[in-house]
Amino acid sequence: MSTGLLKGKKGIIFGALNNMSIAWKVAEKAHEEGAEFVLTNAPIALRMGEINELAKQTGSELVPADATSDEDLNNLIEKSMEILGGKLDFILHSIGMSPNVRKGKEYTAPNYDWYHKTLDISAISLHRTLNAAYKLDAMNDWGSIVALTYIAAQRVFPDYNDMADAKALLESITRNFGYQFGIKNKVRVNTISQSPTMTTAGSGVKGFTEFVSFAEAMSPLGNASAEGCADYCVSMFSDLTKFVTMQNLFHDGGFSFTGVSHGVIEKFKVDE
Ligand code: NAI
C-alpha cells in the first residue's frame, strides 16, 4: 500500500541487474511511493537488457555508468539532473563484485590485481559517487544516500573472501564522507547491512545456500527479505529519518546481536 512517502523526491538507483536484485525491489517500492529516478548500471549489465523492463514499469530513464569511472559518474549525475529537472534527493549504491570470489580464489591466495578491482568496484565506487555528487553540488539539502553492506565487515565469514574487506572500507567511507556531506548541506549517508539474500551477487559466494539457512536459524525474526530491505531503503530516503547519518544499520532480523539461538543449539544436542 502506497503512502506517497517519496512524493516529489528525485534520485538515482544503481545496481538493478534482474528481478532478484535488491536494487530492483527498491526501484519498485520507490516508484510505488511516488519517487522519480534514473536507473543506472555498468554498460555490460545494461546490454543484458532485463533492466529495460524495470525502466518501463517505473517510467524511468536508463543512463549507463561504470561505477569505477569518474567520467561516467559525472556524466550520470549531470544527465540525471537534466532528466529529472533538478537536484537529487536520494541515491542508492547497490554494487558489489569480486573477481577473486567469482574465480574461486581463496582469501589466503588472492590475485592482487583482482583484489584491487574488488575494492574499486565494491567500495571506492561509493567514494567516487559521493565525490561526484559533492563536487557537482547535485544533492538537495536533507538528501539521503544509502549503500548496501554485509556483516562480514565486522565479523569473520570466511567464504565472503575479499568482499569482507571491501565492505569494511565501504562502511568507513560512509562515516567519513557522511561527515563532510552533513556539514556541506545536511546530506545523510548510511549503510544498510542486509541479511543474506538470494541474488546474482549473493549466490556467487561459496556455500551460500547453507549459509542462508544458518542465518535464518540464528535470526529471531528470520532473514530479512529483499522486499523488506527495499522498505527500509525507502524509509531512509524519506523525511522521517532526517537525523540518521554515518551509521551502519542492521537489517537482519536480529542476526547481528544473537550469540546463539535455541534452533542452532538443538542441532548440537547430545543424547544423555
Ligand atoms: P546483484 O548481483 O543483483 O547486484 C550487484 C550489482 O552490482 C549488479 O547490478 C551489477 O551489475 C553491479 N555492478 C557490478 N560491477 C559494477 C560496476 N563496475 N559499475 C556499476 N555497477 C556494477 O546482487 P545484490 O545482492 O542485489 O547486491 C546489491 C548489493 O547488496 C551489493 O552491494 C551486495 O554486496 C549487497 N548485499 C547483498 C547481500 C546478499 O546476500 N545478496 C547481503 C548483504 C549485502
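One-based numbering, in listed order, for ligands and for the atoms of each.
Thr58 and Ser60 form a side-chain donor-acceptor contact under 3.5 Å, judged by distance and modelled atom types alone. No hydrogens or angles considered: nothing links the side chains of Glu216 and Ser219 as a donor-acceptor pair under 3.5 Å.
The only option from Thr245, Thr191, Leu130, Val146 that meets the side-chain contact (heavy atoms from CB on, under 4.5 Å) definition with Thr174 turns out to be Thr191.
Listed by first and then second residue, the side chain to side chain donor-acceptor pair (under 3.5 Å) pairs that reach into residues 95-105 are Ser98-Thr118, Ser98-Asp162, Asn100-Asp162, sequence neighbours excluded.
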For ligand 1, run through the N/O pairs with the protein that fall under 3.5 Å and put one pair on each line.
unit_1   : atom_1 : unit_2 : atom_2 : d
ligand 1 : 2 (O)  : Ala201 : N      : 3.0
ligand 1 : 3 (O)  : Ser21  : OG     : 2.6
ligand 1 : 9 (O)  : Gly15  : O      : 2.9
ligand 1 : 9 (O)  : Asn41  : ND2    : 2.8
ligand 1 : 11 (O) : Asn41  : OD1    : 2.7
ligand 1 : 11 (O) : Asn41  : ND2    : 3.4
ligand 1 : 18 (N) : Asp66  : OD1    : 3.1
ligand 1 : 19 (N) : Ala67  : N      : 2.9
ligand 1 : 21 (N) : Asn41  : OD1    : 3.4
ligand 1 : 23 (O) : Thr199 : OG1    : 3.2
ligand 1 : 25 (O) : Thr199 : OG1    : 2.5
ligand 1 : 26 (O) : Ile22  : N      : 2.9
ligand 1 : 32 (O) : Ile95  : O      : 3.0
ligand 1 : 32 (O) : Lys167 : NZ     : 2.9
ligand 1 : 34 (O) : Lys167 : NZ     : 2.8
ligand 1 : 40 (O) : Thr197 : N      : 2.7
ligand 1 : 40 (O) : Thr197 : O      : 3.3
ligand 1 : 41 (N) : Thr197 : O      : 2.9
ligand 1 : 41 (N) : Thr199 : OG1    : 3.1

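Relative to the ring axis of Tyr134, Lys184 places its NZ or CZ within 45° and under 6.0 Å from the centre.
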| Would Glu36 and Lys7 count as a salt bridge (Lys or Arg N to Asp or Glu O under 4.0 Å) if you check the C-alpha gap in whole Å, the side-chain angles of each, and the deciding distance to 0.1 Å? | CA-CA 8 Å; Glu36 284 174 78; Lys7 202 160 184 288; over 6 Å; no

